[in-house]
Amino acid sequence: SAGASVLYFNAYEHPLNPPVKETERLKHFLKRGTRTAMHLRSRGACLRAVAAISTAVCKLFALAAACVWAETCVFVGGRGIFGTSFEYPLLRLLGKRVVHVFVGTASRPRYLSGYAKDVFKDGNVDSKKLRTLARRTRRQARCIRAVSRWASVVVENPLCGHFYDNSFVNLFKLGVPLNVAEFEQRPRRTEATAPRVKGMIRILHCTSRPELKGTYLIQAAVERLVREGLPLEFRCMSGIPHAQVLHELDLCDFAVDQLY
C-alpha cells in the first residue's frame, strides 16, 4: 500500500513465528541451500566444510541480490547476512540505505539478561563464568557499535541501548507493524483461550524461555497477591503460536513481559 516493492527472506525459521509471505525465488534457493548445509554439518569434518561453502554461496547470492536490486536493506535481529555487520560498509558504498532493527536479546547487555544468572552460585561468584560473561559482553558491545557505525538507521529498545556511540530510533515510538483490519476480520480464537471470569483481573505472561525471563518470580509474586485476596487470574503460557499470543493479549487486562 505504500508503493514499495519488497524482497523478503526469513533466514531463521521458528515454528511459533507469525506467518509472513516470503519472496518465492529467494525462499526456494536460500532455504534449500541453508537446510542442506545444516544437514551436512552433522556428517563429519569433510561434509562440514562442504556445508560451510554451501552456506557462504547462499549468503553471497543474497548479498548480490541486495546490491543489484535494493535501494534499502532492512535487517532484523542481531546480525546481517554474514552474522556481523561485514556487508554494511559495502552496501553504503553502493548508495544503499541500511536499516538495522534490534529486537531484544541481541542488544540487551549480557550482564542484564538471564545469561548472567550462572555467575552466582550458592551465594558466591563463579570467577570462570564471570570472565566468560565479561568476554561475551565485550564481544556484544563491539558488534553493536559496528552496526551503529555503518547502518544508516538503527531502531532499538532504549532500555537496551547501553553500547551505542550514535543515536538510534526509539522502537517504542515506531511500534511493531500489525494489520489490525485483517486481524479483526479473521479473529484467532481457539479453544486454548479460556473464557473470562467476571470480576477477575486477567494477567498474561508469555515466555519462550521461563528460566531466563524470571517466570518463576513473576508467578510467585502473583500467587502472593492472590493469597492476599486480590481477584487475579494468571495466565502463564509458553510454546504457543504468535497468532494465539495476539488473541491472548486482546483478552487480558495487562501483560507482564519479563524480569532481568
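Note that the OG atom of Ser148 and the OH atom of Tyr164 stand 7.0 Å from one another [nearest 0.5 Å]. Atom-to-atom distance recorded for Glu233:CD and Cys252:SG is 10.0 Å, nearest 0.5 angstrom. Taken to the nearest 0.5 Å, the NZ atom of Lys128 stands 14.5 Å off from the CG atom of Leu133. Distance check: Arg136 CZ to Thr132 OG1 gives 6.0 Å after rounding to the nearest 0.5 Å.
The main-chain N or O of Ile218 is never found under 3.5 Å from a side-chain atom of Glu223 such that the two would form a donor-acceptor pair. Judged by distance alone, the side chain of Lys213 and the main-chain N or O of Asp257 form no donor-acceptor pair under 3.5 Å. Looking at His100, its side chain never comes within 3.5 Å of a backbone N or O of Val74 through a donor-acceptor pair. With Gln140 contributing its side chain and Ala106 its backbone, the two residues share a donor-acceptor pair below 3.5 Å. Under the 3.5 Å distance criterion, the side-chain polar atoms of Ser107 are left unmatched by any main-chain donor or acceptor of Val103. Within the 3.5 Å criterion, the main-chain N or O of Phe163 finds a donor-acceptor partner in the side chain of Arg145.
Taking hydrophobic clusters as Ile, Leu, Val, Met, Phe, Trp and Tyr residues chained together by side-chain heavy-atom distances below 4.5 Å, Leu90 does not share a cluster with Val153. Tracing side-chain contacts under 4.5 Å through hydrophobic residues (I, L, V, M, F, W, Y), one never reaches Leu174 starting from Val147; they form parts of separate clusters. Met200 is not connected to Leu251 by any chain of hydrophobic side-chain contacts under 4.5 Å among Ile, Leu, Val, Met, Phe, Trp and Tyr, and they are in different clusters. Following chains of ILVMFWY side-chain contacts shorter than 4.5 Å, one can reach Leu217 starting from Leu225, so the two form part of one hydrophobic cluster. The hydrophobic cluster containing Ile144 also contains Tyr111, counting ILVMFWY residues as joined when their side-chain heavy atoms lie under 4.5 angstrom apart, directly or transitively.
Note on Asp126 versus Arg131: no salt bridge recorded, every NZ/NE/NH1/NH2 to OD/OE distance being 4.0 Å or above.
Side-chain contact, Thr137 with Arg110: no donor N or O sits under 3.5 Å from an acceptor N or O. For Gln258 and Thr207, the side-chain atoms include no donor-acceptor pair closer than 3.5 Å.
At least one side-chain heavy atom of Phe254 sits under 4.5 Å from a side-chain heavy atom of Ile203. Between Val169 and Leu171, the closest side-chain pair of non-hydrogen atoms is not below 4.5 Å. Residues His162 and Leu112 meet the side-chain proximity criterion, which asks for heavy atoms closer than 4.5 Å. By the 4.5 Å heavy-atom criterion applied to side chains, Val99 and Cys73 are not counted as neighbours. The shortest distance between side-chain heavy atoms of Cys160 and Glu156 falls below 4.5 Å. The closest side-chain heavy-atom distance from Leu93 to Pro89 is not below 4.5 Å. Within the 4.5 Å cutoff, the side chain of Cys67 has heavy atoms near those of the Leu91 side chain. For the pair Val98 and Arg92, the minimum side-chain heavy-atom distance is below 4.5 Å.
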Report the C-alpha separation of His205 and Arg235 in whole Å, then their side-chain angles, then the decisive distance to 0.1 Å, and conclude whether the side chain to side chain contact (heavy atoms under 4.5 Å, CB included) test is met.
-> CA-CA 6 Å; His205 174 61; Arg235 284 185 64 77; over 6 Å; no
I would like to know whether Phe168 and Phe102 meet ring-ring contact (aromatic ring centres under 6.0 Å, His included); could you show each step before the answer?
-> CA-CA 10 Å; Phe168 54 82; Phe102 280 106; 9.2 Å; no
Might you work through the side chain to side chain contact (heavy atoms under 4.5 Å, CB included) test for Phe75 and Val101, ending with a clear yes or no?
-> CA-CA 6 Å; Phe75 299 95; Val101 183; over 6 Å; no
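The neighbour count for Glu71 CD, taken as heavy atoms of other residues, nucleotides or ligands under 6.0 Å away, does not exceed 12. Atom CZ of Phe120 has 12 or fewer heavy atoms from other residues, nucleotides or ligands within 6.0 Å.
Between Leu249 and Ala255, the closest heavy-atom pair is CD2-CB, 4.0 Å.
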